[in-house]
Participant: 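Here's a structure for you.
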Amino acid sequence: MSPAKTPPEILDVDGHEVRVTSPDRVVFAEPGLTKLDLVRYYLSVAEGALRGAGGRPMVLKRFSKGLHQEPFFQKRVPENHPDFVDTATLRYASGTSAEETVIRDAAGLAWVVNLGCLDLNPHPVRAEDLDHPDELRVDLDPMPGVDWSQIVDVAFIARDVLEDHGLIGWPKTSGSRGLHILVRIRPEWDYTDVRLAAETLAREVENRAPGLATARWWKEERGESVFVDFNQNAKDRTVASAYSIRALPDARVSTPLTWDEVRDRRPEEFTVLTVPDRFRSIGDPHAGIDDAAGSLDALLSLAKQLGPAEKPPRGSDGSGRRASTMPLVEVARTKTKPEALDALETWKQRHPEATSQLHPADVLVDGMRGSSSLWYRVRVNLQHVPDAERPAQEDLIADYDPWAGRSAP
């Protein structure tokens, strides 16, 4: 006989009943955290977590098969959602729409965690105005080989650019290797203008810190720099919000910081086990963010001064597709990241001489958004390998098709 399941835990959260199924299921083995522990974590930091995600439509990123399996992304709110969970219907340029989840209180937080959500992924708009973002998001994404001090240097340059253009940046750890800077703005501009303002910010940061920071969209052209990822402000993008738990073995948390902390603190300090005590002790460093909404006028004026960003060259095959200026070979397309890393190792074993000449940023393992989950593409940039020693493009070691059996997106 199979062992009986642990009965659900019924929580009373501010007068709302929230049912937590499989409460003793271990989610993070290293610190020994159960599903109920994660719910209780979010309740302990609910004020801060709701400041980042409350009242916003969100994509549910569900780890229904556990931490070590790829999550799936659910745009549409579950049909049987409770009365204390609101919804908002987002419409996309493709012509599709989705009635997405909107949480407004601690009970809503507990409910989405019970669905298997570790991090919270809200859109940068309020449910009351879906066409005008009230948040510009700066994602400082380090390339391999970049250390924390370089990320911090770029963060302070980004802060200076924002202040020079009348805006206030609020830093937080991404919960992985990078930093996020959140900027509250008045909801007076559409997504196109907000993305343009973010791209202009990124270009200005690169102008002030060439070599340290880059606004280059194409990954193989960035080198060992910090990418100021402006595309997180596109309409279909979401970012893990403040106090989100990330899917790393130590249960790391995306944690708001003061600027005085940015240089001295490290992402690994902030976990499900440490952040509640910090929250009780100092409160939320982003407590004033909603009172600091600014204007994009100055950044949009700078955009006109800078002119259009440089466009990538196009191929000569008549397809109109971008042609990379770098000597790239594609290694594999896989369903999971472990499969991608295995394929990369196979390629390295085939080509040891070329592998010995690669720099950290020459290895490109990218998570690509599929219809409802990520898939992975592996490429190698041979820019540091002499021409005569560069391996040719070979058949892919793995060739996963994320669209097989589906209509084209």
Participant: What I want to check is whether the side chains of Arg195 and Asn231 have a donor and an acceptor closer together than 3.5 Å.
Facilitator: yes
Participant: With side chains defined as the heavy atoms from C-beta onward, is the minimum distance between Asn114 and Val20 less than 4.5 Å?
Facilitator: yes
Participant: Please tell me whether Tyr191 and Asp131 have a donor and an acceptor in their side chains that are separated by less than 3.5 angstrom.
Facilitator: no
Participant: What do the steps show when you test Lys348 against Val380 for side chain to side chain contact (heavy atoms under 4.5 Å, CB included), and what is the final call?
Facilitator: CA-CA 10 Å; Lys348 287 181 174 181; Val380 176; over 6 Å; no
Participant: Using every non-hydrogen atom in the two residues, find where Ala127 and Ala88 come nearest and quote the distance to one decimal.
Facilitator: CB-CB, 4.1 Å
Participant: For Ile397 and Asp342, what are the C-alpha separation, side-chain angles and deciding distance, and is it a side chain to side chain contact (heavy atoms under 4.5 Å, CB included)?
Facilitator: CA-CA 10 Å; Ile397 293 171; Asp342 286 345; over 6 Å; no
Participant: Could you pull out every donor-acceptor pair under 3.5 Å between side chains of residues 76-86 and any protein atom, sequence neighbours left out?
Facilitator:
from, atom 1, to, atom 2, distance (Å)
Arg76, NH2, Ser97, O, 2.7
His81, ND1, Pro78, O, 2.8
Asp86, OD2, Arg104, NE, 2.6

Participant: For the pair Ser301 (side chain) and Asp297 (backbone), establish whether a donor and an acceptor sit closer than 3.5 Å, ignoring hydrogens and angles.
Facilitator: no
Participant: Under a 3.5 Å threshold, yes or no: a donor from one side chain and an acceptor from the other, between Gln232 and His180?
Facilitator: no
Participant: Donor-acceptor check, side chain of Lys235 to backbone of Arg91, threshold 3.5 angstrom: yes or no?
Facilitator: yes
Participant: Under a 3.5 Å distance rule, please check whether Arg177 uses its side chain to pair with a backbone N or O of Pro142 as donor and acceptor.
Facilitator: yes
Participant: A side-chain contact here means heavy atoms from C-beta on lying under 4.5 Å apart; do Asp139 and Leu179 qualify?
Facilitator: no
Participant: Please step through side chain to side chain contact (heavy atoms under 4.5 Å, CB included) for the pair Glu330 and Val378, ending with a clear verdict.
Facilitator: CA-CA 6 Å; Glu330 187 172 8; Val378 184; over 6 Å; no
Participant: Identify the residue among Leu118, Asn121, Ile103 that makes a side-chain contact (heavy atoms from CB on, under 4.5 Å) with Val112.
Facilitator: Ile103
Participant: Apply salt bridge (Lys or Arg N to Asp or Glu O under 4.0 Å) to Arg126 and list each qualifying residue two or more places apart in sequence or on a separate chain.
Facilitator: Asp134, Asp290
Participant: Using a 3.5 Å distance criterion without hydrogens, assess whether the side chain of Arg184 forms a donor-acceptor pair with backbone atoms of Asp291.
Facilitator: no
Participant: Are Ser244 and Tyr42 packed together at the side-chain level, in the sense that at least one heavy-atom pair is separated by less than 4.5 angstrom?
Facilitator: yes
Participant: Is there a side-chain contact between Leu120 and Leu109 (heavy atoms, below 4.5 Å)?
Facilitator: yes
Participant: How many angstroms lie between CG in Leu248 and CZ in Arg246, if you round to the nearest 0.5 Å?
Facilitator: 7.5 Å
Participant: Might you work through the ring pair (Phe, Tyr, Trp, His ring centres under 6.0 Å) test for Phe279 and Tyr243, ending with a clear yes or no?
Facilitator: CA-CA 10 Å; Phe279 193 86; Tyr243 297 99; 5.5 Å; yes
Participant: Does a donor on one side chain and an acceptor on the other come within less than 3.5 Å for Thr34 and Asp24?
Facilitator: no
Participant: Is NZ or CZ of Arg333 both nearer than 6.0 Å to the six-membered ring centre of Trp375 and within 45° of the ring axis?
Facilitator: no
Participant: Got a donor-acceptor contact below 3.5 angstrom from the Gln150 side chain to the Leu212 backbone?
Facilitator: yes
Participant: Counting only N and O atoms by type, is there a donor-acceptor contact under 3.5 Å from the side chain of Thr274 to the main-chain atoms of Glu269?
Facilitator: yes
Participant: Do Trp259 and Trp170 make a side-chain contact, defined as non-hydrogen atoms from C-beta onward lying under 4.5 Å apart?
Facilitator: no
Participant: Are Arg40 and Glu9 packed together at the side-chain level, in the sense that at least one heavy-atom pair is separated by less than 4.5 angstrom?
Facilitator: yes
Participant: Between Ser356 and Ala354 (side chain of the first, backbone of the second, donor and acceptor by atom type, cut-off under 3.5 Å), is there such a pair?
Facilitator: no
Participant: Hey, mind stepping through Glu204 and His165 against side chain to side chain donor-acceptor pair (under 3.5 Å) and telling me if it holds?
Facilitator: CA-CA 11 Å; Glu204 180 63 13; His165 294 82; over 6 Å; no
Participant: List the residues meeting side chain to side chain contact (heavy atoms under 4.5 Å, CB included) with Glu339, not counting sequence neighbours, and say none if there are none.
Facilitator: Thr334, Lys335, Thr336
Participant: Search all heavy atoms of Thr271 against all heavy atoms of Pro276 and return the closest pair with its distance.
Facilitator: O-CD, 4.2 Å
Participant: Under 4.0 Å between a side-chain nitrogen and a carboxylate oxygen: does that hold for Arg51 and Glu47?
Facilitator: yes
Participant: Please round to the nearest 0.5 Å and tell me the distance separating atom CG of Asp362 and atom CZ of Arg379.
Facilitator: 11.5 Å
Participant: To check you understand the geometry: which heavy-atom pair defines the closest contact between Gly55 and Glu128, and what is its length?
Facilitator: O-OE1, 4.4 Å
Participant: Salt bridge or not between Glu261 and Arg278? Use side-chain N to carboxylate O under 4.0 Å.
Facilitator: yes
Participant: Identify the two heavy atoms, one from Glu224 and one from Gly145, that lie closest to each other, and give their separation to 0.1 Å.
Facilitator: OE1-O, 4.2 Å
Participant: Residues two or more places apart in sequence or in another chain: which of them pass salt bridge (Lys or Arg N to Asp or Glu O under 4.0 Å) with Arg280?
Facilitator: Asp277
Participant: Measuring only between side-chain heavy atoms, which start at C-beta, is Phe230 closer than 4.5 Å to Arg137?
Facilitator: no
Participant: Heavy-atom count around Glu345 CD within 6.0 Å, excluding the residue itself: above 12?
Facilitator: yes
Participant: Got a sec, which residues hit salt bridge (Lys or Arg N to Asp or Glu O under 4.0 Å) with Asp153, two or more places apart in sequence or on another chain?
Facilitator: Arg263
Participant: Give the minimum heavy-atom separation between Gly169 and Ile181, together with the two atoms involved.
Facilitator: CA-CG2, 3.5 Å
Participant: Can you check side chain to side chain donor-acceptor pair (under 3.5 Å) on Thr258 and Asp260, steps first, answer last?
Facilitator: CA-CA 5 Å; Thr258 67; Asp260 288 341; 5.1 Å; no
Participant: In Å and rounded to the nearest 0.5 Å, what is the CG to CG distance from Asp250 to Leu273?
Facilitator: 9.5 Å
Participant: Can you tell me how far apart CZ (Phe270) and NZ (Lys172) are? Round to the nearest 0.5 Å.
Facilitator: 12.5 Å
Participant: For residues Thr6 and Pro23, determine if any side-chain heavy atom of one lies less than 4.5 Å from a side-chain heavy atom of the other.
Facilitator: yes
Participant: Measure up the His384 and His359 rings against each other and bin them: parallel (under 30°), tilted (30 to 60°), perpendicular (over 60°).
Facilitator: parallel
Participant: So how far is it from Leu33 CG to Leu36 CG, rounded to the nearest 0.5 Å?
Facilitator: 11.0 Å
Participant: If we ignore angles and hydrogens, is there a donor and acceptor under 3.5 Å between the side chains of Thr21 and Lys35?
Facilitator: yes
Participant: Check the angle between the aromatic planes of Trp347 and His351 and answer parallel, tilted or perpendicular using the 30° and 60° thresholds.
Facilitator: tilted
Participant: Taking atom types as modelled, is there a side-chain donor on Tyr376 or Glu70 under 3.5 Å from an acceptor on the other?
Facilitator: yes
Participant: If we ignore hydrogens and angles and just use 3.5 Å, is the side chain of Ser254 paired with the main-chain N or O of Thr173 as donor and acceptor?
Facilitator: yes
Participant: Using the test salt bridge (Lys or Arg N to Asp or Glu O under 4.0 Å), find all partners of Arg390 that sit at least two apart in sequence or belong to another chain.
Facilitator: Asp387
Participant: In Å, rounded to the nearest 0.5 Å, how long is the span from CG of Leu299 to NZ of Lys304?
Facilitator: 13.0 Å
Participant: Minimum heavy-atom separation for Asn207 and Leu306, please, with both atom names.
Facilitator: ND2-CD2, 4.1 Å
